[in-house]
Amino acid sequence: MMADSGSNEEVAVIGNTDITSTESESNIINTMVERETALLRKMEINVAEAEKRTGKNTVNMQETYTVYLIEIRKAHKQSQRPAETVPGVGAPAAPDTLWRRYSDFELLRTFLLVTYPYIIIPPLPEKRAEFQWHKLSADNLDPDFVERRRVGLENFLLRVASHPVLSNDKIFFFFLTEEKGWREAVLETGFQDKADSRLKSLSAMFRVKNPDKRFTAMKQYSDELNTVISQLLRVRARVADRLYGVYKVHGNYGRVFSEWSAIEKEMGDGLQSAGHHMDTYAASIDDILEEEEHYADQLKEYLFYTDAVRSVCKKHDLIQYELEMAAQDLVSKKQQREELATGTVRVFSLKGMTSKLFGTESQEQRESRLAALEQSIQEGEEALKEKNTECQEFVQMAWEDIERFKEQKDKDLREALISYAIMQISMCKKGIQVWSNAKECFNKM
Amino acid sequence: MSVGAPRALASSGQKPITEILHPLSAAEEPLSATVGGDKQEVGLTNGTPVETSSPASTSSLFNRLQLDDDLEADVRDPYADSSETRDLFVTVDDPKKHVSTMETYITYRVSTKTSRVEFDLPEYCVRRRYQDFDWLRIKLEDSQPTHLIPPLPEKFVMKGVVDRFSEEFVETRMKALDKFLKRVADHPVLSFNPHLNAFLTAKDLNKRQGLALLSKVGESVKHVAGGYKLRARPAEFCAMGEYLDTFNQKLGTIDRIAQRILKEQSEYLTELREYGSVYSSWVGSEDELLRPLEGVAGCVTTSCGALEDLGENMSQDFLPVLREYVLYIESMKNVLRKRDQSQAEYEGRLEAAILRKQEDRTPVEVEKCQDKMECFNADLKADWERWQSNKRQDFKQLLTGMADRNINSYEKSQAAWESLITLLQDKQTEDKTSETN
């Protein structure tokens, strides 16, 4: 059955449609990032594996780094089910694969940042582990960290691939398909030049006379979100630490019950088995907290997203500022023209002063100056028109993306909170199970 | 139903035990064979199950035939009995605060129902304070040195650390006092002690504190003045001593673990509260996420409350019982020491008599010492079994209570999170239907 999954459908269910309702429930949660784009209609993207490599870096020193395997498969159309294909031609074709390291991802992202300044570019997973509770390793080569990073990188690619604008980018496409030569292709675009100038202006302090209220509000919201998520992550790590302590201390009961059971007759068996359950309880916290890291990662993604939002707002400020500067420049030039034409000095100019002091200039000189000014004014008017258009286009595209982002954020964070609640329920159920088992043993004492 | 000697109910037929002078009290009546037999019977009245692991002896045979209530019934109520044999019921309840110019203290109502002839009336109701219970215990220890006297809850509480007049403290203490009194009332020998009678019936306890103090001193003098060395302690008493030492150790460990858990939980609680408040503060900047965020904050708060209750319960109900048993063990070790003394005294005198070459007739005093020792041994053995049985019930109750409280805490938390999910998913389906419409 060709499901009527037009582009209105928020979720692209890729693969077979033979799924039960419970499966589709979880499918929605897993594939919430994926929206139908032309790119995703063609291909399925996975970051399948991670591997350690050693090699020489740019300063010719030996280093160990991790590479990630990107797998591209042809997306199954809704109508094609594996069962319907010719028997014998069962398994889907092997995927196209290539290896990328984290710095490649960084390069891609920087390129996108510069090329699409009006788009909120999805963030990469963190470079170094932060907000860790003490048991988790902060080592970049730690297998758990690498695994979570793999998931984060896959998430990044899926976010880009499901973005209505970014998914059409050629460099992104090559990133997924051309292992060699991709870096050169990126550098050839010359985006570095734009990057440098943009970066410089981003850090410069400038005042916008008429700020766009919507962007100001968005920047403020983004800052608030950043603050609250940072706080949340910090406290959550402390909570995890403490909870770890509570569970682990219970393990001591296991040992003492075992020792105690040795001197008891009828009570011995019950005590001994209860002790085992206490050990189980103490051990259960490791999995519980490991699962919670997933929630922390979801929060972190949006923490990093706030940086991207902030940078779009700053870019808008810059453009707005440049527009205002251009307008101001034109106004002053026009005033100069007027003065020159009427002979009145309203705006101070050195040339005007010196000509007053050292005698008036000749008619010829005056006319040539006027001509130059006219030229400059014309250029200025064109520049202003361009800047105006640029600004309007930027505002339109940026605001469209901001609206898209807000919707995505609401949906994603809501899902994250729900899955967090589910995790808490699971933890409670496990706790009840263990204590009930222990209680049974106590009853047999 | 009867095998050998007729089964004696304390309140009917044969001479009640109070008329048989205790071998260790003032009177000099030599009680030889009869003592043993009576003792055994008395040891079995009241019907409280005594699990003796000794091989087919008259007493164990008695046990098997006498007990129609199985262990199950006793699990439900450790103090319950087949009502035919129980004839003394006591309860401690109704705490009240008394304020006088000198001091403020709590009294408890002690109610008694009995059909025993030793009591003039079938029912009594008096008010007693902790001091009175303490007096009773000392009196029992003095007058029944061969028996294990149940423990009282701790006497001293650090002012400023614990509120002596808080509901929880008074409640916990009262339950412990009730348990103490019930155990004494259930004891086949202790329950006939005249001091208990006075405690339960007298309008004003004439405590004569001075005397009590004296006898305490006298006790320790007895220890020192013994001077006889023990030859060989019988294996079973060695085993008791060893068991008590190890058990004491384990209880200490469990106490430490429980305290550590309380500490860790309290620190966890602090962080969890802050965690909840961050979600609350997040609510301010959101629109669509308002409900889920408020919901999460609410669930975290509920979990905090559940955890708080758990901690309170553990420190009020769990730790005191552990400590009670540590005190109990101490007093039991004391009794064991006294038993050793009595054996040492007997052996010493016997040796002295042999040396004086009185072979054909053992002097009366040596015989008396032997009787003393044998009584002591018998009392102790019976009490030991009773103690083991009570201990088993107590710890079963204690530990299942701990498990229940933890389960309860998780259940409260789970319920909160589940209702949040329902709330959010309802909203979700609401939105979806409105979207597609």
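Below, read A as the first sequence line, B as the second, and so on, with proteins coming before strands; counting in each chain starts at 1. Predicted model only: the values in this text are computed from it and were never measured.
A:Lys439 places no side-chain N or O within 3.5 Å of a backbone atom of B:Thr400 that could act as its donor or acceptor partner. B:Arg392 places a side-chain N or O within 3.5 Å of a backbone atom of A:Met445 that can act as its donor or acceptor partner.
Scanning both residues, A:Val256 and B:Ile257, for their nearest heavy atoms gives CG1-CD1, 4.0 Å. Between B:Ala403 and A:Trp435, the closest heavy-atom pair is CA-CE3, 3.5 Å. When every heavy atom of A:Val235 is checked against every heavy atom of B:Glu271, the shortest pair comes out as CG1-O, 3.7 Å.
Rounding to the nearest 0.5 Å places CG of B:Leu290 at 11.0 Å from CG of A:Asp410. Separation of atoms CG (B:Leu420) and CD (A:Gln424) is listed at 11.0 Å; rounding is to 0.5 Å. In this structure, OG in A:Ser436 is found 8.5 Å from CG in B:Asp404, a value given to the nearest 0.5 Å. The NZ atom of B:Lys396 lies 12.0 Å from the SG atom of A:Cys441; values are rounded to the nearest 0.5 Å. Annotation: the span from B:Thr253 atom OG1 to A:Arg255 atom CZ amounts to 8.5 Å, rounded to 0.5 Å. Atoms CG and CZ, from A:Asn252 and B:Arg256 in turn, are 10.5 Å apart once rounded to the nearest 0.5 Å.
Looking at A:Leu232 and B:Tyr275, their side chains come closer than 4.5 Å, going by heavy atoms from C-beta outward. You'll find the side chain of A:Glu264 reaches within 4.5 Å of the side chain of B:Tyr243, heavy atoms only. Side-chain contact between B:Glu286 and A:Leu225 is present, with heavy atoms from C-beta onward closer than 4.5 Å. Looking at A:Tyr253 and B:Met402, their side chains come closer than 4.5 Å, going by heavy atoms from C-beta outward. Side chains of A:Lys265 and B:Gln388 form no contact here, defined as non-hydrogen atoms less than 4.5 Å apart. Side-chain atoms of A:Arg414 and B:Glu288, non-hydrogen and from C-beta on, never get closer than 4.5 Å to each other.
With a threshold of 4.5 angstrom between heavy atoms, B:Gln249 does not approach chain A through any atom at all. Contact of B:Ile421 with chain A is made through the side chain alone, with heavy-atom distances under 4.5 Å. With a 4.5 Å cut-off on non-hydrogen atoms, B:Ala415 does not touch chain A at all.
In terms of heavy-atom pairs under 4.5 Å with chain A, the best-connected choice from B:Gln265, B:Arg291, B:Glu267 is B:Glu267. The choice from B:Ser285, B:Ser413, B:Pro292 that makes the most heavy-atom pairs within less than 4.5 Å of chain A is B:Ser285. Counting heavy-atom pairs under 4.5 Å between each of A:Lys409, A:Met267, A:Gln433, A:Lys248 and chain B puts A:Met267 at the top. Considering only heavy-atom pairs separated by less than 4.5 Å from chain B, the leading option among A:Leu243, A:Ile229, A:Ile418 is A:Leu243. Ranked by non-hydrogen atom pairs under 4.5 Å with chain A, the options B:Leu293, B:Val278, B:Leu398 are led by B:Val278. Chain B forms more heavy-atom pairs under 4.5 Å with one residue of A:Leu417, A:Ile425, A:Leu271 than with any other, namely A:Ile425. By number of non-hydrogen pairs under 4.5 angstrom with chain B, the leading residue of A:Leu413, A:Thr227, A:Val249 is A:Val249.
No more than 12 heavy-atom neighbours from other residues, nucleotides or ligands sit within 6.0 angstrom of CG on A:Asp269. For B:Glu312, the CD atom counts as densely surrounded, since its 6.0 Å shell holds more than 12 non-hydrogen atoms of other residues, nucleotides or ligands.
Ring geometry for B:Phe247 versus A:Trp260: interplanar angle of 30 to 60°, hence tilted.
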